[in-house]
Amino acid sequence: MQKIQRGEKKKTIQFSSQLDGHLLLSLSTPSPPLGLPQRPPRPSAAAKSHPTPSPLNYSTYKAAPPPPTRETAMTSALRRKAAEMASTAAAASSQGCISWALRQRGLGGGGARAVPVLPRRRFCVSAAAGAGFDNENREYVIVGGGNAAGYAARTFVEHGMADGRLCIVSKEAYPPYERPALTKGYLFPPDKKPARLPGFHTCVGSGGQRQTAEWYKENGIEVLYEDPVVAFDGKTHTLKTSSGKILKYGSLIISTGCEASRLPAKIGGNLPGVHYIRDVADADSLVSSLGKAKKIVVIGGGYIGMEVAAAACGWNLDTTIIFPEDHIMPRLFTPSLAKKYEELYQQNGVKFIKGALIDKLEAGSDGRVSSAVLEDGSVVEADTVIVGIGARPVIGPFEAVGVNTKVGGIEVDSLFRTSIPGIFAIGDVAAFPLKMYDRMTRVEHVDHARKSAHHCVEALLTSHTKPYDYLPYFYSRVFEYEGSSRKIWWQFYGDNGTLAKQLKWEALNQRLLPSGLTLEFSLLPQLAKSQPVVDKAKLKSATSVEDALEIARSSLHSGSSV
């Protein structure tokens with residue numbers, strides 16, 4: 001590991017970076033007591049597709065939505081007027097499906113006028129065709145109420161195609177929210193400013209408006225809560241929910257996401273005190289257990305396991321992570337990077353048991369989990385167990401739409417269209433063509449959920465036919481609770497799924513890029529996309545991170561790529 005002295009006090013900050021295959025990492029581990037910089041410099045235009053994460057102020061998550069303004073009140077009045085005009089037009093027209101847009105001219109009495117909008121590519125469901133169905137909005141229906149649904153709803157609103165047309169059917173009790181918060185800020189102790197709704201409803205995670213239940217009402221979007229779809233009929237364009245409601249749709253967007261993989265009940269996977277985390281109810285249950293716990297075991301060394309373990313450190317709990325691989329985050333981290341990340345956890349008191357498999361979870365006299373028994377017979381005591389062993393796509397009743405058997409999920413094309421006209425799939429559940437690597441894949445990450453939702457709705461509502469060209473992007477942020485001595489976040493650009501094919505891509509080993517460099521956040525996505533050949537010897541001889549970045553940047557202009 002090369003050390004670089006910085007600043008008058010000559011604090012030693014270790015930098016390393018990993019350029020393996022298609023994978024680029026930016027990891028920030030500021031030395032205490034400096035902490036995480038308040039805000040990195042604004043990235044250039046080239047980096048805006050993957051904005052630099054800024055430190056989260058979880059106290060702001062409790063802020064109430066802004067009070068109604070005069071403009072909001074006038075908008076509601078305009079909608080009522082629009083409904084009256086649409087009703088009048090429908091009675092006078094035999095064509096049905098007439099769209100109107102209201103344009104307000106001024107706030108002080110200029111009035112509003114109705115302007116016909118040219119029809120867009122969509123299915124129309126007339127009132128007569130919808131008679132006897134349980135949803136009022138039938139033109140567009142989104143099944144699923146997660147991240148992707150929230151961002152899809154925003155795109156419908158941006159196109160003026162949500163009011164009276166869009167219905168969201170969700171199993172959740174809340175409007176769509178930014179799910180990553182559940183394994184980060186939501187798990188902080190009560191005295192360390194945990195995240196809570198309505199603070200992290202979509203689309204605050206990308207700097208957008210907080211879409212509360214009131215936002216959906218104001219925009220004329222019908223939302224059916226706690227009523228998942230259990231049956232689907234593509235011939236009649238109908239859905240059936242768990243409560244027995246029959247819903248009609250014109251165009252259907254499947255956004256059912258994933259569910260947590262579970263340990264079998266026969267080995268204790270359902271014991272009290274064993275937790276899986278996927279929604280707010282799961283997170284609430286875990287927070288309750290953490291408040292009483294003394295020793296916790298985290299099963300799994302991936303995203304969920306590492307983020308939950310970091311949050312548990314805020315509770316000062318005895319924490320052990322158990323996983324079968326040789327190092328944490330094996331799908332993303334190389335051994336050298338994993339080692340450095342593990343050291344950061346060990347500094348916070350976290351213990352690791354590697355290469356181990358769970359034989360069973362045992363219950364104590366009170367019926368709650370009391371220990372984890374490994375296959376080698378060793379026993380790890382625990383009064384709370386969190387299982388983070390992956391997730392699987394929620395296909396539900398939509399198997400007939402077409403499932404990709406290799407990667408799982410509902411197969412779609414580059415516009416998120418399924419094999420059935422008028423039916424789309426987005427987010428975690430979608431198996432889509434990853435253009436830059438020429439293969440089908442699924443991506444379980446919020447960045448893809450947001451972008452796939454926008455791309456799909458754009459294709460549905462307009463003549464937009466540009467294929468989805470996604471650069472895989474992953475990030476995590478840990479130890480961000482109030483009082484933490486070291487806050488850490490990192491970003492990955494690219495994909496390590498085709499490492500075996502790489503012959504010319506050189507690696508810069510054991511160099512960790514510090515956060516906050518504008519050049520870094522604009523350069524890494526470019527490198528991941530173009531995959532240039534980088535001179536490894538020059539990189540190793542670089543005396544600063546800035547020099548290393550400049551060497552990598554110059555490789556973009558050499559004309560040589562993988």
Side-chain angles (χ1 to χ4, degrees), residues 79-80 82-91 93-100 119-146 148-150 152-153 155-157 159-176 213 215-256 394-401 410 417-418 420-426 429 456-457 460-461:
R79 286 201 185 93
R80 289 193 296 269
E84 294 173 5
M85 289 189 292
S87 177
T88 302
S93 173
S94 60
Q95 310 243 334
C97 295
I98 295 178
S99 298
W100 297 88
R120 302 171 185 248
R121 290 195 312 172
R122 58 190 174 87
F123 291 91
C124 291
V125 181
S126 67
F133 295 104
D134 294 304
N135 56 321
E136 295 181 3
N137 297 3
R138 304 175 184 123
E139 193 168 334
Y140 307 107
V141 173
I142 300 174
V143 176
T155 308
F156 274 106
V157 170
H159 283 272
M161 298 296 285
D163 197 345
R165 296 182 173 93
L166 178 61
C167 175
I168 299 175
V169 191
S170 175
K171 70 175 182 179
E172 302 242 13
Y174 308 94
W215 181 89
Y216 288 89
K217 291 178 182 177
E218 289 171 359
N219 284 284
I221 300 171
E222 182 179 9
V223 184
L224 306 181
Y225 297 103
E226 298 182 278
D227 201 6
V229 169
V230 297
F232 152 76
D233 189 331
K235 293 182 179 179
T236 61
H237 285 209
T238 57
L239 307 165
K240 182 179 180 181
T241 69
S242 61
S243 69
K245 289 185 175 69
I246 303 299
L247 313 178
K248 185 74 172 178
Y249 69 85
S251 294
L252 177 66
I253 299 177
I254 302 168
S255 180
T256 45
V394 178
I395 306 299
F398 300 108
E399 188 170 351
V401 173
I410 297 172
R417 299 174 297 193
T418 69
I420 300 178
I423 300 181
F424 303 76
I426 58 176
V429 76
C456 172
V457 177
L460 172 61
L461 297 181

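Please read all numbers here as calculations on a predicted model, not as lab measurements.
- Proximity of Phe232 to Ile423: side-chain heavy atoms (C-beta onward) are separated by under 4.5 Å at one or more points.
- The line from NZ of Lys171 to OG of Ser242 is 11.0 Å long, rounded to the nearest 0.5 Å.
- Rounding to the nearest 0.5 Å gives a distance of 5.0 Å between CG of Leu166 and CD1 of Ile168.
- Considering all non-hydrogen atoms of both residues, Gly145 and Ser170 come closest at CA-OG, 3.5 Å.
- Panel note: side chain Lys248, backbone Thr236; a donor-acceptor pair is recorded below 3.5 Å.
- For Asn137 (side chain) and Gly220 (main-chain N/O), a donor-acceptor pair under 3.5 Å exists by modelled atom type.
- The distance from the CD atom of Glu139 to the CE atom of Met161 is 5.5 Å, given to the nearest 0.5 Å.
- To the nearest 0.5 Å, the span separating CZ on Arg165 from CG on Leu461 amounts to 9.5 Å.
- Looking at heavy atoms from C-beta onward, Leu252 lies out of side-chain contact with Phe424 at the 4.5 angstrom threshold.
- Nearest heavy atom pair, residue Ser255 against residue Ile142, reads CB-CG2, 4.0 Å.
- Annotation: side chain of Tyr225 is not in contact with side chain of Glu172 (no heavy-atom distance under 4.5 Å).
- Shown are Ile253, Thr241, Thr256, Leu247; of these, the side-chain contact (heavy atoms from CB on, under 4.5 Å) with Val143 is made only by Thr256.
- Taking every heavy atom of both residues into account, Gly146 and Pro176 meet most closely at O-CB, 3.3 Å.
- The salt bridge (Lys or Arg N to Asp or Glu O under 4.0 Å) search around Glu222 returns none, not counting sequence neighbours.
- Between the CZ atom of Arg138 and the CG atom of Leu239 there is a distance of 12.5 Å, given to the nearest 0.5 Å.
- Counting only heavy atoms from C-beta outward, the side chains of Ile254 and Ile426 never approach each other to under 4.5 Å.
- Counting heavy atoms from C-beta on, the side chains of Thr238 and Tyr249 never come closer than 4.5 Å.
- Under the 4.0 Å criterion applied to side-chain N and carboxylate O atoms, Asp227 and Lys245 are assigned as salt-bridge partners.
- At least one side-chain heavy atom of Phe156 sits less than 4.5 Å from a side-chain heavy atom of Leu460.
- Side-chain contact between Ile221 and Asp163 is absent, with no heavy atoms from C-beta onward closer than 4.5 Å.
- Using a 4.5 Å heavy-atom cutoff, the side chains of Val141 and Ser251 are not in contact.
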